[in-house]
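The structure appears right after this line, and notes come after that.
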Amino acid sequence: MSSSTLVKAPVVAPVVADPAKRWHVARIFGNVVTRSIAIVALALVWEIFPRLGLVDATFLPPLSEVLVAWWDLVKSGELWEHAQASLTRSLVGFALAIVISIPLGLLIGWYKPVANLLTPLLEIFRNTAALAILPVFVLILGLGETSKIAIILYACAWPILLNTVSGVRTVDPLLIKSARSLGLGPVSLFQKVVLPAAVPTIFTGIRLAGAYSILILIAAEMVGAKAGLGYLINYAQYNFAVPDMYAGIITISGIGLIVNQLLILTERRFSTWRTS
Amino acid sequence: MTAKIVFENIGKVFQARGTTVTALQEINLDVKDGEFLVIVGPSGCGKSTLLDLLGGLAEPSSGRILVDGKPVTGPGLDRGVVFQQYALLPWRTAQGNVEFGLEAKHVPRRERAAKAREYLDLVGLAGFHDRYPHELSGGMKQRVAIARSLAFDPDVLLMDEPFAALDAQTRDGLQDELLRIWEKTGKTVVFITHGIEEAVYLGQRVAVMTSRPGRIKQVVDVPLLSQSEDVRSDPQFAHYRHEIWTLLRDEVNKARNEELEANRV
């Protein structure tokens, strides 16, 4: 024991010699443990309860079986096909929402008359749940891609629009006054002061919309789709392929998590100057 | 010396919640070219309004303001404004903020960078050009704001209580710095404050305003005081401080009584 310690000593020494660094590493490790405890516990419960017969394994198969089903779906290329269909819809709807909502929001935020004209209408639509309108979209636009993209566009448009409006409205009046004192015209004022000041708020809207684009997607795909993760989940349930259903659900949460993380990173990049 | 700025019978009336408030009344005042004029008055006397009018950010209800003999019709780069709350663009670095004023003046890009550095050096911020406002202290932010206003080379510098939000030490330092810059650049400075010591320390002349409606009560000439180490404890300094304090005391009391009256109703 003591001899092995002696042999190892030179290798270990640099780490041991710096207690602060060691403490830091320990803390990161501790953080990782804390943050994963709940997830690991969920995984264990999911694995063990069906096996012990505490829940019906037919309706909730053990996690390992779900993961096997997931891997099979990956190998057959089926999962990728569905994910691709879903992501395309989400991205198109999301992108269209950005393209439409930001200019509209800037217009409403900057021009009082436009705001007065449109606000009552916007209030009504904003308070109408996107899913409540889904049947209308299907009726008018049919069961194809158009209605699905339209519903995602609709759901994503609101957070971006409202945040853009409030971003423009809440620009520090002193900055505007100061820019005006420099003799800046309305165009430069908007371009150099109002727009950059509103960017972080607009990005918060974009991040929310990103989350919505995934959440609404699944519901849209449960109505008359022939591909997509929502369709996979629904179809698997109808055909009693329960592990496949859970595989679809896991995939969609994974995608949701990744999209959100990406958007948070982008948001940070665009608003490094905003502290507090 | 000729008059750089002339206030001619300036009046300003606001409509607020159904009542008419007279903020300024019969303001007549000349500012000489290259002069450091301080306007001091009780809070709410309309001194900031007066500066807004001079800056072209608002229009007088009556009278007119002449700069170099031409009436003020709007903001212009012949006048640079320094605000109490700095008004720096938080997404731009110190250098970017100084360049902002130069962009307004359509200075070519390359020249802008060099000019910005030059003026950051002048206000003692060499080496801080790439810092964002949130990385700077209050005093440093105000230095950036001053550099921004100086960089586009206005004839007149308008300062609206620029040091009021700073702690005493920082304020003293910046006052000295401002006097140094004023002497070096020869700008005409119109400086607004409610601080009597600040007014006496900085001003060649101090215009004392009445409480609302704001009028010019008296203009006090403050001759150059002896350049001793500690001017503020000079008996002459105390004399002027006291004179302005006396002029202001009645106005402050009047303003306070009016406020109490207004709250009682």
Heavy-atom distances under 4.5 Å only: say whether B/Arg92 touches chain A with side chain, backbone, both or neither.
-> side chain
Nearest-0.5 Å distance, CG of residue A/Leu184 to CD of residue B/Glu103 = 8.5 Å
Could you look at A/Val199 and say if it's the side chain, the backbone, both or neither that has a heavy atom under 4.5 Å from chain B?
-> neither
Sort A/Ser188 into side chain, backbone, both or neither according to what part of it lies under 4.5 angstrom from a heavy atom of chain B.
-> neither
Compare every heavy atom of B/Gly101 with every heavy atom of A/Leu182, then report the nearest pair and how far apart it is.
-> CD1-CA, 4.0 Å
So which part of B/Leu88 gets closer than 4.5 Å to some heavy atom of chain A, the side chain, the backbone, both or neither?
-> backbone
More than 12 heavy atoms of other residues, nucleotides or ligands under 6.0 Å from CD of B/Glu59: is that the case?
-> no
Side-chain contact test, heavy atoms from C-beta onward, threshold under 4.5 Å: evaluate it for B/Leu89 versus A/Ser178 and give yes or no.
-> no
Judged by atom type as modelled, is there a donor-acceptor pair below 3.5 Å linking the side chain of A/Arg180 to the main-chain atoms of B/Pro75?
-> no
CG on A/Leu195 to CH2 on B/Trp91, rounded to 0.5 Å = 9.0 Å
How long is the gap from CG on B/Asp52 to NZ on A/Lys177, to the nearest 0.5 Å?
-> 3.5 Å
Between B/Leu57 and A/Ser181, the two heavy atoms sitting closest are CD2-N, 3.7 Å
Residues A/Leu174 and B/Gln85: closest non-hydrogen pair is CD2-CB, 3.5 Å
Above 12 or not: heavy atoms from other molecules or residues under 6.0 Å from CZ of B/Arg180?
-> yes
